Engineer: 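Starting off with a structure, shown below.
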Amino acid sequence: MRCVVANWKMNLLFPEASNFCSTFAENYNPVEDVRVAIAPPSILLWTIHSQLRGRGITTFAQNGHFEPKGAFTGEVSMAQIRDAGCSGVILGHSERRQQFGETDEVLAKKVAAAQSHKLLPLLCIGETLVEREREQTFSVIKTQLSVLKGVSSGPIWVAYEPIWAIGTGRTADGRQIHEAHHFIREELRVLLGEAGSSVPILYGGSVKASNFGSILSVPQVSGALVGGASMDPLAFAEMVKTAQEA
Ligand code: PGA
């Protein structure tokens with residue numbers, strides 16, 4: 001199975017998002033083993049879900065709270081995300097870890113909460129440039145993955161996103177991606193047993209239509225989490241086609 005996920009972050013207003021959906025849907029033909037998801041800002045979730053319903057494109061939230069409900073001003077629960085038509089939720093994106101103080105402890109609760117509401121968690125992991133230069137990449141990844149310890153049976157996707165490659169135009173090279181994904185696969189097998197062999201591992205960080213084909217050809221790469229380039233419907237449609245033809 002291959003997966004292509006658009007992460008719009010805090011971008012697009014309703015008319016732009018709506019135009020995206022029309023243009024993308026016109027240029028997209030679903031294929032069974034390629035999953036396509038769009039993660040708009042939470043205020044657009046229901047609208048985008050409604051517009052794309054029945055077209056083989058699912059919606060993901062970009063974050064969710066682990067508590068089922070209550071006095072958490074500004075937060076959205078997994079039940080509400082599910083209620084807005086989502087099938088998954090991005091968790092632990094580096095922007096949330098760095099700018100909003102999300103810790104592995106909180107993420108362990110979020111993964112469990114997502115699964116218990118039948119949402120697919122897309123757990124993001126990855127090292128900073130300083131950590132890479134200090135040769136701490138594998139230990140950082142190992143710690144971030146440890147939130148999956150004791151996670152039950154539900155499906156999960158992982159995205160390896162080296163922080164120095166996000167929004168910088170600088171992609172990790174094939175060898176760096178291969179080493180990281182191979183390490184992640186081994187860790188997933190340790191943490192999840194046989195189920196760890198089939199967890200899709202996406203790459204993220206300055207993926208665009210022109211480099212996605214070569215990234216997808218790296219062993220253990222199941223797809224991509226795409227930020228900047230995912231807001232252009234034709235470019236995103238081209239990336240999906242690349243995944244379908246790979
Ligand atoms: P980018 O973002 O494609 O703009 O680098 C990826 C991400 O943050 O998920």
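Since the model is a prediction, treat every value here as computed from it, not as a measurement. Quick note: residue numbers are just sequence positions, from 1. Both ligands and their constituent atoms are indexed starting at 1 by order of listing.
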Engineer: Holding to salt bridge (Lys or Arg N to Asp or Glu O under 4.0 Å), I want the full list of residues that pass it with Arg170, two or more places apart in sequence or in another chain.
Structural biologist: none
Engineer: Can you tell me if Ser206 has a non-hydrogen atom under 4.0 Å from ligand 1?
Structural biologist: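 Ser206 counts as a contact of ligand 1 under the 4.0 Å cut-off.
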Engineer: Under 4.0 Å between a Lys/Arg side-chain N and an Asp/Glu carboxylate O for Arg189 and Glu186?
Structural biologist: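 Yes, charged N to carboxylate O under 4.0 Å.
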Engineer: What do you reckon, does Gly205 put a non-hydrogen atom under 4.0 Å from ligand 1?
Structural biologist: yes
Engineer: Mind checking salt bridge (Lys or Arg N to Asp or Glu O under 4.0 Å) for Glu127 and listing every partner two or more places apart, or none if nothing turns up?
Structural biologist: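 Once residues adjacent in sequence are excluded, the partners of Glu127 under the salt bridge (Lys or Arg N to Asp or Glu O under 4.0 Å) criterion are Arg132.
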Engineer: Per the side chain to side chain contact (heavy atoms under 4.5 Å, CB included) rule, which among Leu122, Asn63, Ile166 passes with His93?
Structural biologist: Ile166
Engineer: List every atom of ligand 1 that sits less than 4.0 Å from any heavy atom of Ile166, numbering the atoms from 1 in the order shown and giving each element.
Structural biologist: 2 (O), 5 (O), 8 (O)
Engineer: Should you measure from each heavy atom of His93, which atoms of ligand 1 turn up under 4.0 Å away?
Structural biologist: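 Atoms satisfying the 4.0 Å criterion: 7 (C), 8 (O), 9 (O).
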Engineer: What atoms in ligand 1 come closer than 4.0 Å to a heavy atom of Lys9?
Structural biologist: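 Going through ligand 1 atom by atom, the ones under 4.0 Å from Lys9 are 2 (O), 7 (C), 8 (O).
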Engineer: Return the closest protein heavy atom for atom 9 (O) of ligand 1 as residue, atom name and distance.
Structural biologist: Glu161 OE2, 2.7 Å
Engineer: Find all atoms of ligand 1 within a distance of less than 4.0 Å from any non-hydrogen atom belonging to Asn7, and give their numbers and elements.
Structural biologist: 9 (O)
Engineer: Run the numbers for me: atoms of ligand 1, each under 4.0 Å from some heavy atom of Gly167, listed by number.
Structural biologist: 1 (P), 4 (O), 5 (O)
Engineer: Can you name the atoms of ligand 1, numbered from 1 with element, that are less than 4.0 Å from a heavy atom of Gly228?
Structural biologist: 1 (P), 3 (O), 4 (O)
Engineer: Scan side-chain atoms only and decide if Gln136 and Ser139 contain a donor-acceptor pair under the 3.5 Å cut-off.
Structural biologist: no
Engineer: Considering only NZ, NE, NH1 and NH2 on the basic side and carboxylate oxygens on the acidic side, decide whether Arg175 and Glu179 come within less than 4.0 Å.
Structural biologist: yes
Engineer: With no hydrogens and no angle check, just 3.5 Å: does a side-chain donor-acceptor pair link Glu26 and Thr23?
Structural biologist: no
Engineer: For atom 1 (P) of ligand 1, which of the options Ser230, Ala224, Gly227 provides the nearest non-hydrogen atom?
Structural biologist: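 Residue with the shortest heavy-atom distance to the ligand atom: Gly227.
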